[in-house]
There are 2 protein chains.
Amino acid sequence: MNLAELPTPCLVLDRTILARNIRGMAETLLRLNVPLRPHMKTAKSIDVARLALAGQPGGITVSTLAEAEYFFSHGITDILYAVGITPQKLERVCKLNAAGAQIIVITDDLATAATIAAQPAPPATLIEIDSGEQRGGVGPDSGLLLQLAGRLGACLRGVMTHAGHSYAGRGVSEIARIAEAERSAVTDAAARLRDAGHTIEIVSAGSSPTARHAENLDGITEVRAGVYMFGDLFQAEIETHGIDAIAVTVLTSVIGRRDGRVLVDAGGLALSKDRSTEAAPRDYGYGLALDIRGTRGLGNAIVQRAYQEHGVVELDPMHPVDLPVGAKIRIAPNHTCMTAAAHDRYFVVDGDQEVVAIWHRVNGW
Amino acid sequence: MNLAELPTPCLVLDRTILARNIRGMAETLLRLNVPLRPHMKTAKSIDVARLALAGQPGGITVSTLAEAEYFFSHGITDILYAVGITPQKLERVCKLNAAGAQIIVITDDLATAATIAAQPAPPATLIEIDSGEQRGGVGPDSGLLLQLAGRLGACLRGVMTHAGHSYAGRGVSEIARIAEAERSAVTDAAARLRDAGHTIEIVSAGSSPTARHAENLDGITEVRAGVYMFGDLFQAEIETHGIDAIAVTVLTSVIGRRDGRVLVDAGGLALSKDRSTEAAPRDYGYGLALDIRGTRGLGNAIVQRAYQEHGVVELDPMHPVDLPVGAKIRIAPNHTCMTAAAHDRYFVVDGDQEVVAIWHRVNGW
């Protein structure tokens, strides 16, 4: 099967680029002497997880309980659910753990910590630390930190943080500074807890940008990163990787044409409405158009408008191309997590147009 | 089952509001003496289609071939696929038609028109007219119009347009003017084709805003509209309907809290990254927070930030509420088509918290 034969829109995953991205992150973390607990929120695929886990301890990170259930059903047991747990979701976690999983949960809430500790078989729990993103978590100096540890008691396993504000970083040195803030926040929290007599085994941190540009990860026991596997235009703009590291694209057909632009069948649903590159040095609209081989044959052709099922691609006058109705092109996404989530499978290629595998995704909750 | 017991995030559909929206549109179009060919791209559900078709001729509009296949499998045969057809997709249409469907396709492309006409059993085809949106379609005065009709020959069934730029309209009178431009463009095209000897049975137009505010639909044989069934914040802002007409919301759980805000488990995936209200008189961020009953108990609490699985709700200081971790609230969406597409089912309520049905959606392509 060739990409030219596929129904569109659909998701293409270039395994050659994926393998290079995975190897690059593994080498980076090997130099920093920290193992990886890959975040599967981007790929949501067991086939990708197996590649990402090569040479790593075997644990993963997930963003939904649907992912936890799916990966456990495929034999992965050590799973960190890295979104604040609720009492209701705890039931689902305990059921999985009773079946043999080892789901680790996170919290920054005193009442929830007490509910966790009161379970007949409480899951291992990490306290979420805020390292500057101001989304979830307690500050490493907060009085709450020791109170949370007290409530959790024996199920306290460690601390975790996510420097999501690294996405607002611009350039390598700024991201390196955020990586150091991420490291120091979570290791400071671990030190305070240890000083108070708690056993802290896990000191978990990470985002793709900080994992890529950290200069020192002393005291961190595991790094969580996910986007690096696939890459996207936004990550390229903030210098997490080069633009040739984007492994996932949307295959789309031309459905109309006018002077200087084509209409394609990838709109807001197939691409997502993510506009993250609006705040980046270079604004790619809703995505960058590539030729069917995934190369820059269309120059700087950009998806300027996205309706539900229509995308409007402004062609690059310096790269004249003839794209009749039915011709196929590919769109590199702004934000790969958002774009991939609209699709239920990957059509896998190895650097050319031949489809070598179909890999499924676990969407939803 | 009660909303309080559902796993989150999930999609809630209030059937009472849905029924009122459907009745309102039916009454509007009855006054204008035009039947409805409801656009199922928003709801993507046979249960909703059956309600929307009450008192109407029975044809529907779809935005994907997955919808066409799904609705045909549920007994609906008269289906307009309102996205420009490609030669490859034509095969899938012809297969459905051979099985008993009557899929109507659209085109604005000469080569495609010739390909359609060359099929052993060509589907009925409408020429797409541009009534000002400048997305797809030929102008009613364009030389292409008669050439397209010539290429299509016997499979030409009519003309269609979509005044999608009505979404940029502000207020009733501006939308009424766009509705008149939509009507005149497509009826002018029909008149030109008839003058040239073609039989034009279908003169199809519509969007929810223009359907709602048209003053005259003379010459239009059917109106296509879809968003009106569910409504959303953006449509409320452009005065297509009141804010109490929003039938679809996302049920979400509080997963963390800080001064003045709560973190919820509905982020960019559950809500979509649509920011259409950014350009509206009132910017709702990524959505408006409602209490679990779907009422304004939280005042003007807005989802100000949306990460993949986290939403940050800024609470309204004028409406102090106690929302512990695990508490459930609902989020009214900016753009209901985008938000609903992240979910595979509706939990249906009748104005309160009791779930009375689960209706499935057909996502993907």
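Note on naming: letters A, B, ... go to the chains in the order of the sequence lines (proteins, then strands), and numbering restarts at 1 for each one.
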With a 4.5 angstrom heavy-atom cut-off, is it the side chain or the backbone of [X] that approaches chain B, or both, or neither?
{"X": "A:Leu6", "answer": "backbone"}
{"X": "A:Asp109", "answer": "side chain"}
{"X": "A:Thr64", "answer": "side chain"}
{"X": "A:Pro87", "answer": "side chain"}

For the interface with chain A, which of [options] has the highest count of heavy-atom pairs at distances below 4.5 Å?
{"options": "B:Arg261, B:Glu128, B:Arg275, B:Arg257", "result": "B:Arg261"}
{"options": "B:Asp265, B:Asp344, B:Val325, B:Leu65", "result": "B:Val325"}
{"options": "B:Gly164, B:Ala270, B:Ala111, B:Ala327", "result": "B:Ala270"}
{"options": "B:Ser272, B:Ser63, B:Gly267", "result": "B:Ser63"}

For chain B, which candidate among [options] shows the most heavy-atom pairs at distances under 4.5 Å?
{"options": "A:His343, A:Gln88, A:Arg135, A:Arg92", "value": "A:Arg135"}
{"options": "A:His335, A:Arg258, A:Arg305", "value": "A:Arg258"}
{"options": "A:Gly268, A:Ala341, A:Pro9", "value": "A:Pro9"}

In the structure I gave you, are the side-chain heavy atoms of B:Glu133 and A:Tyr307 within less than 4.5 Å of one another anywhere?
yes

Heavy-atom closest contact ([X] atom, [Y] atom, distance):
{"X": "B:Asp108", "Y": "A:Gly256", "value": "OD1-CA, 4.4 Å"}
{"X": "A:Thr86", "Y": "B:Ile255", "value": "CG2-CG2, 3.7 Å"}
{"X": "B:Lys44", "Y": "A:Glu309", "value": "NZ-OE2, 4.2 Å"}

Would you mind checking which part of [X] comes under 4.5 Å of any heavy atom in chain A, side chain (CB onward), backbone (N, CA, C, O), both or neither?
{"X": "B:Lys41", "value": "both"}
{"X": "B:Ala342", "value": "both"}
{"X": "B:Ile85", "value": "backbone"}
{"X": "B:Glu91", "value": "neither"}
{"X": "B:Ala66", "value": "neither"}
{"X": "B:Thr115", "value": "neither"}
{"X": "B:Leu263", "value": "side chain"}

For residues 358-365 of chain B against chain A, heavy atoms under 4.5 Å, the residues are B:Trp365

The reported gap from CD in A:Gln308 to NE2 in B:His39 (rounded to nearest 0.5 angstrom) is 7.5 Å

